[in-house]
Enquirer: 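This is the structure I want to talk about, given as structure tokens.
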Amino acid sequence: MADIVDTAVSAGSFSTLVKAVLAAGLADTLKGPGPFTVFAPTDEAFAKLPAGTLDAVLQDKAKLQAI
């Protein structure tokens, strides 16, 4: 059975979310038994963030984990 990370990767429209999960160090957690609920923005939604916002957040592990 696929976990949340595998499902996001295979969907093809959540690559930014997967990148954030990896940067936050949460991939192993989300591959665990759960249960988990994830409200997942698509790559298109992330693209609408103001310039520089995503890059800044991806470099802040504590902020990513809090989000």
Side-chain angles (χ1 to χ4, degrees):
M1 180 173 223
D3 56 58
I4 290 176
V5 177
D6 293 337
T7 301
V9 169
S10 68
S13 58
F14 299 102
S15 62
T16 306
L17 175 70
V18 172
K19 185 176 181 180
V21 166
L22 294 173
L26 296 173
D28 287 341
T29 300
L30 292 175
K31 285 181 168 285
F36 301 107
T37 300
V38 175
F39 295 96
T42 62
D43 294 337
E44 183 180 345
F46 278 112
K48 293 179 182 182
L49 289 171
T53 301
L54 182 59
D55 290 333
V57 173
L58 287 174
Q59 294 177 23
D60 188 339
K61 186 174 181 176
K63 184 176 278 189
L64 278 172
Q65 290 174 337
I67 293 171

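Note that the structure is a prediction, hence the values are computed from the model and not measured.
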Enquirer: Do you know which two heavy atoms are closest between L22 and A27, and how far apart they sit?
Expert: CD2-CB, 3.7 Å

Enquirer: Identify each donor-acceptor pair in which a side-chain atom of residues 54-67 lies under 3.5 Å from a protein atom, sequence neighbours left out, and give them as a table.
Expert:
residue : atom : partner : partner atom : Å
D60     : OD1  : A62     : N            : 3.4
D60     : OD1  : K63     : N            : 3.1
Q65     : NE2  : A24     : O            : 2.8

Enquirer: Nearest heavy-atom pair of L17 and P41: which atoms, and what distance?
Expert: CB-O, 4.3 Å

Enquirer: Considering only residues two or more places apart or on different chains, which pairs with a residue in residues 16-36 satisfy side chain to side chain donor-acceptor pair (under 3.5 Å)?
Expert: D3-K31, D6-K31, T16-D43

Enquirer: Step by step, work out the side chain to side chain contact (heavy atoms under 4.5 Å, CB included) result for F14 and V9.
Expert: CA-CA 7 Å; F14 299 102; V9 169; over 6 Å; no

